[in-house]
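Below: one structure, written as structure tokens.
Letters A, B, ... are given to chains in the order of the sequence lines, protein chains preceding strands, and every chain is numbered from 1.
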Protein chains: 2
Amino acid sequence: MRISQLSAETDVPIPTIKYYLREGLLPSGEQTSATRAEYGEAHVRRLRLIRALLEVGRLPIASIAKVLAAVDDEELGMHRVLGTAHYAIAPATTPPPDGEEWQRARDEADRLITGLGWRIEPWAPAREELAQALYTLARLGMPMDEESLRPYTRAVETLVEHEIGILPLDGPRETAVERLVIGTVMHGRVLDVLRRLAHESASARFFGVAPGENGDKAHTDS
Amino acid sequence: MRISQLSAETDVPIPTIKYYLREGLLPSGEQTSATRAEYGEAHVRRLRLIRALLEVGRLPIASIAKVLAAVDDEELGMHRVLGTAHYAIAPATTPPPDGEEWQRARDEADRLITGLGWRIEPWAPAREELAQALYTLARLGMPMDEESLRPYTRAVETLVEHEIGILPLDGPRETAVERLVIGTVMHGRVLDVLRRLAHESASARFFGVAPGENGDKAHTDS
């Protein structure tokens, strides 16, 4: 198909598609003349993947480029692709000035991970993220330890076994890694939004308000 | 304490504290002279709450102001405060141009919520978020229905019951609502980071790589 059809097919404006082509996020089409290139289903799929990482995953273009490079690297095993995706979606954490308290949180995070028997690289950014969450919760007078974290660790262990279990590993590598990356980003978003929905619902029940009183409409405006 | 002590206590620079005072995020201290004000533990706690919503919750100042206003509004029930927090942390979603497919996703999201028997306000932004996730997943060839969402809905229902159950409702309202808001934001972050950690670990096991091969170090640089 022409770039115009590709644009119509994916709701991505032509200038944006050209930008992705220049940035190497999208492989160039098959040149049919000096001014024309043909694009195929692979381009449609790739564009949708880019938009998903951008709009739902909220990844910067540079991170998306890294993830796609890993997806396209035939040499790279599934696990390495996943690692690349993880490290790309991990939000930047800035260690607080209080070095000592921070170091305690950092050690606590490592202790928890070891205690769970999880296999996590020493340089995994999620270690810092967990430390930051523990540090902040402690300062807010709501410290969490292995015990209070258990409902969360149990929940994610179950979910993750399920997510890995449904990966189409018998098909082509490309499909499997694409789904791995999409799942990592999208299922995380699904879990987050469902948690907030369940929270609103449980709160409506627990605090027994009449329907129509969940944080009044005004708060949603502006 | 003086503003300088308040700053030292909370690692928040004095100019930032003054900015929060001007914006009304932080109640003014007790004026002891024309140029001096005394601050107390309440100010320390409030500053830490602001930083948590800002740094870990990643909320814009305007949303934080809304949440704090709800926390301080004695008239507002727990559930309304929670609603305000939820609607403040919900990321903005832009409906895709494809009106028809989007409407289907929107309806599907509503159907799912009804099917779960969840009590969610019609205007809850999380409905749009769920619709966007379903829409994107469908376009990526990974549609999710009630069945495939069940592991996630089960997990969040369990977690949320637990979170509501541990709220200190016998204490003063202020403590309860503060913890409710902190929990909504922080426990969501904890769940997200633990999920990614469990994912990395399960992947290391499942794809049977030797420790040291989780997405190589290079990907974490820059």
Legend entry - Side chain, backbone, both or neither of T158(A) within contact of chain B (heavy atoms, under 4.5 Å): neither
Inset, instruction - Indicate yes or no: does R139(A) engage D11(B) in a salt bridge with an N to O separation below 4.0 Å. - result: yes
Legend entry - Passing candidate, side-chain contact (heavy atoms from CB on, under 4.5 Å) with S203(A), options I164(B), T184(B), L167(B): I164(B)
Inset, instruction - Calculate, to the nearest 0.5 Å, the distance between atoms CG and CH2 belonging to L194(B) and W118(A) respectively. - result: 5.0 Å
Inset, instruction - Measure the spacing between CE of M186(B) and CE of M144(A) and express it to the nearest 0.5 Å. - result: 9.5 Å
Legend entry - Interface moiety of L134(B) toward chain A, non-hydrogen atoms closer than 4.5 Å: neither
Inset, instruction - Report the option among M142(A), Q132(A), R154(A) that has the most heavy-atom pairs separated by less than 4.5 Å from atoms of chain B. - result: M142(A)
Inset, instruction - Specify the closest pair of heavy atoms between G117(B) and S201(A), including all atoms of both residues, with the distance to one decimal. - result: O-OG, 4.4 Å
Legend entry - E163(A)/R195(B) salt bridge by N-O under 4.0 Å criterion: yes
Legend entry - For the student: nearest non-hydrogen atoms of R127(B) and L197(A), plus distance: N-CD2, 4.4 Å
Legend entry - Option in P151(B), A69(B), A133(B) with maximal non-hydrogen atom pairs under 4.5 Å from chain A: P151(B)
Legend entry - Distance in Å, R205(A) CZ paired with R119(B) CZ, rounded so as to fall on 0.5 Å steps: 6.5 Å
Inset, instruction - Just say parallel, tilted or perpendicular for the rings of Y152(A) and H162(B), cut-offs at 30° and 60°. - result: perpendicular
Inset, instruction - Output the distance between atom CD1 (I166(B)) and atom OG (S148(A)), rounded to the nearest 0.5 Å. - result: 7.5 Å
Legend entry - Closest-packed option against chain A by number of heavy-atom pairs under 4.5 Å, given H187(B), R189(B), E161(B): H187(B)
Legend entry - Distance-minimising heavy-atom pair for V160(B) and A202(A): CG1-CB, 3.3 Å
Legend entry - Heavy-atom proximity to chain A below 4.5 Å, by part of T10(B): backbone
Legend entry - Euclidean distance, R48(B) CZ relative to L137(A) CG, rounded to 0.5 Å: 13.0 Å
Legend entry - Toward chain A, the part of E128(B) with a non-hydrogen atom under 4.5 Å: neither
Legend entry - Atom of A126(B), atom of V193(A) and distance for their closest heavy-atom approach: O-CG2, 3.4 Å
Legend entry - Smallest separation among heavy atoms of R196(A) and H86(B), with atom names: O-CE1, 3.2 Å
Inset, instruction - Flag the one option from T136(A), L149(A), L140(A) with the top tally of heavy-atom pairs under 4.5 Å to chain B. - result: L140(A)
Legend entry - L130(A) CG to D192(B) CG distance, which is reported to the nearest 0.5 Å: 11.5 Å
Inset, instruction - Under 4.5 Å heavy-atom distance to chain A, tell me which part of R179(B) shows up: side chain, backbone, both or neither. - result: both
Inset, instruction - Could you tell me whether the side chain of E121(A) reaches within less than 4.5 Å of the side chain of E200(B), counting heavy atoms only? - result: yes
